[in-house]
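All of these numbers come straight from a predicted model, not from anything done at the bench.
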Amino acid sequence: MADRFFPNDLPPPLVSETILEEATSSQTPTPHSLTSLLSLPYTTLTSKLQAAALHFKQSVVNETWGSSGNRVKDYTLYTGVLGTAYLVFKAYQVTKNVDDLNLCLKIVKACDSASANSSYSLVMIWENGSKVILVLFANELSCSRVTFICGRAGVCALGAVIAKHVGDERLLDYYLRQFKEIELPRDLPYEVLYGRAGYLWACSFLNKHIGKDTIPSTHMRPIVDEIITSGRKLAHKGRCPLMYEWHGKKYWGAAHGLAGIMNVLMDMELKPDEVEDIKGTLRYLIKNRFSSGNYPSSEGSEYDRLVHWCHGAPGVTLTLVKAAEVFGDIEFLQAAKEAGEVVWKRGLLKRVGICHGVSGNTYVFLCLYRLTGNKEYLYRAKGFSCFLLDNAQKLIAEGKMHGGDRPYSLFEGLGGLAYTFLDMIDPQVARFPGYEL
């Protein structure tokens with residue numbers, strides 16, 4: 001098990017973050033660079049994180065956009081250049097550099113053209129908890145075109161938001177029309193990465209950033225009905241109120257399973273019985289977690305090794321925090337804290353990315369801090385970020401840390417690292433890309 005993560009030797013916080021900021025200027029600097037970073041006042045550290053993020057951002061742009069001659073082969077947020085656009089937009093939000101906003105729009109337009117004309121889609125399948133198989137499907141057979149993270153919905157949704165920021169009403173109307181013309185295949189699954197939940201998340205993204213009812217509930221409600229009806233049908237006579245399958249497995253996690261679907265449904269207008277089904281499904285997950293506190297990747301799995309956003313405690317934590325916010329139930333808050341402890345102990349993964357790496361696991365502590373105001377969680381997010389800032393490039397170069405199969409992408413590589421560093425600057429607005437609103 002321990003071969004998947006580095007031992008967490010980060011020192012516990014001895015004082016509150018506020019006292020730490022007042023005290024560190026008089027302390028003698030320690031020779032160990034990671035400890036030195038942790039001892040910095042928060043504002044000083046975030047200046048370093050911002051500088052590193054902007055450096056990595058430029059590398060990501062050069063490798064994914066500049067070196068390709070602006071030709072788009074992979075338009076997705078997950079591994080493609082839409083992820084670069086999302087990162088560049090985040091940089092604009094932090095620095096207000098208009099060059100970043102203009103570059104983002106240029107990339108999105110290229111992704112629009114590529115996604116409208118593409119003939120094939122790449123689908124990721126997990127086997128045995130760790131092995132990834134990449135399968136190429138023709139679009140008429142593929143379900144990946146409709147979601148925010150892996151499809152055209154993400155291109156159109158981000159395009160609309162950027163168009164609003166640049167004040168181009170014509171372009172805004174174009175992207176909204178294109179979004180509303182996306183058709184959901186009949187055999188579409190229900191999960192976040194490639195399914196109905198991933199499309200609904202894009203709808204919620206537009207409603208948050210463009211305006212309420214940009215995508216009306218009458219458009220979303222039939223999709224919600226399909227998700228609820230199918231979940232109840234598969235769960236018939238089972239212990240869990242809702243259940244879903246993807247590629248023959250009943251997944252639990254954020255990317256393909258129950259945690260992700262429940263996370264999206266909590267943003268919808270729900271009937272009382274649907275609310276109870278969502279609560280019951282989350283309680284089922286909590287009750288049947290591993291004795292370690294981690295969560296199985298799928299129903300009946302005894303494979304307690306994955307501590308990722310996509311599978312395991314990190315993604316479930318984000319969903320439980322959402323449940324605590326939406327429902328106000330103390331049981332979901334307590335379960336979120338307990339899942340966060342798993343991430344603290346086993347979350348310094350030997351991978352850098354957002355989907356299954358240290359960058360993504362950092363968001364566990366950012367969301368717990370946002371919910372509770374407990375500065376220990378902010379310290380933990382600071383600890384994971386400092387670990388990356390001090391060690392990531394060296395460990396990747398030494399072959400001790402995986403830089404991602406697509407090492408500059410948002411979800412697997414340096415793009416996600418840079419995005420996380422930028423999100424550390426203001427923890428109150430930090431959100432896991434494509435999952436938290």
Side-chain angles (χ1 to χ4, degrees), residues 4-5 8 191-192 197 201 251-267 278-279 281-298 301 304-349 351 353-385 411 416 420 423-424 427-428 430-437:
R4 303 185 67 88
F5 60 91
N8 187 345
E191 42 88 87
V192 166
W201 195 91
Y251 283 99
W252 281 28
H256 302 301
L258 291 172
I261 297 168
M262 299 306 106
N263 184 68
V264 172
L265 288 177
M266 283 187 281
D267 284 312
I278 291 169
K279 287 182 177 181
T281 299
L282 294 176
R283 290 177 182 129
Y284 174 83
L285 296 182
I286 296 167
K287 181 179 179 180
N288 293 283
R289 61 192 162 179
F290 290 127
S291 60
S292 68
N294 194 24
Y295 287 76
S297 60
S298 61
S301 173
D304 183 9
R305 297 187 70 191
L306 304 180
V307 185
H308 306 164
W309 168 75
C310 47
H311 301 289
V316 176
T317 305
L318 300 182
T319 297
L320 291 172
V321 165
K322 179 71 165 289
E325 292 172 330
V326 171
F327 302 131
D329 288 18
I330 191 67
E331 63 182 312
F332 297 134
L333 171 59
Q334 182 59 34
K337 291 178 178 179
E338 291 166 358
E341 292 303 311
V342 176
V343 182
W344 179 243
K345 294 174 183 176
R346 296 165 54 187
L348 284 176
L349 303 177
R351 290 178 175 266
I354 278 184
C355 180
H356 33 278
V358 181
S359 298
N361 287 356
T362 304
Y363 283 90
V364 166
F365 309 117
L366 288 171
C367 77
L368 283 167
Y369 171 66
R370 191 174 68 243
L371 177 65
T372 67
N374 184 340
K375 290 182 178 178
E376 182 171 351
Y377 291 123
L378 182 59
Y379 173 84
R380 291 182 172 189
K382 181 179 176 180
F384 273 36
S385 296
F411 268 67
T420 304
D423 253 344
M424 285 293 297
Q428 293 299 333
R431 299 293 188 275
F432 191 105
Y435 198 72
E436 293 184 288
L437 285 169

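For Tyr377, there are no ring pair (Phe, Tyr, Trp, His ring centres under 6.0 Å) partners two or more places apart in sequence or in a different chain. Looking at residues two or more places apart in sequence or on another chain, you find a side chain to side chain contact (heavy atoms under 4.5 Å, CB included) between Asn294 and Phe290, Ser292, Asp304, Val307, Ala313, Val342, Arg346. Not counting sequence neighbours, the partners of Arg289 by the salt bridge (charged side-chain N to carboxylate O under 4.0 Å, His left out) test are Glu338. Legend: residues meeting side chain to side chain contact (heavy atoms under 4.5 Å, CB included) with Ala197, ordered by chain and number and at least two apart, are Val192, Ile261, Val264. Not counting sequence neighbours, the partners of Tyr435 by the ring pair (Phe, Tyr, Trp, His ring centres under 6.0 Å) test are Trp309. With sequence neighbours excluded, the residues forming a side chain to side chain contact (heavy atoms under 4.5 Å, CB included) with Ser301 are Pro296, Ser297, Ser298, Tyr303, listed by chain and number. In terms of the side-chain hydrogen bond (donor to acceptor under 3.5 Å, both in side chains) criterion, Asn263 has no residue partners (sequence neighbours excluded). Listed by chain and number, the residues in a side-chain hydrogen bond (donor to acceptor under 3.5 Å, both in side chains) with Ser385 amount to none (sequence neighbours excluded). Here Glu341 pairs with Arg380 under the salt bridge (charged side-chain N to carboxylate O under 4.0 Å, His left out) rule; sequence neighbours left out. Legend: residues meeting side chain to side chain contact (heavy atoms under 4.5 Å, CB included) with Val316, ordered by chain and number and at least two apart, are Ala259, Tyr295, Leu320. The side-chain hydrogen bond (donor to acceptor under 3.5 Å, both in side chains) check on Trp201 picks up nothing, with sequence neighbours excluded.
When side chains are defined from C-beta on, Ile286 counts as touching Phe332, because their heavy atoms get closer than 4.5 Å. Using a 4.5 Å heavy-atom threshold, the side chains of Glu331 and Leu282 count as separate. Between Leu366 and Tyr363, some side-chain heavy-atom pair lies under the 4.5 Å cut-off.
Under the 30°/60° scheme for interplanar angles, the aromatic rings of His311 and Tyr251 are found to be tilted. Using a 30° and 60° split on the angle between ring planes, Phe411 and Phe432 fall in the perpendicular class, above 60°.
Sorted by first then second residue, the salt bridge (Lys or Arg N to Asp or Glu O under 4.0 Å) pairs that include residues 308-318, not counting sequence neighbours, number zero.
Put simply, the side chain of Arg431 gets close to the backbone of Leu437: a donor and an acceptor are under 3.5 Å apart.
Note: Phe365 CZ to Thr317 OG1 = 8.5 Å, rounded to the nearest 0.5 Å.
Of the residues listed (Val343, Leu306, Leu349), the one engaging Pro314 in a side-chain contact (heavy atoms from CB on, under 4.5 Å) is Val343, and it is the only one.
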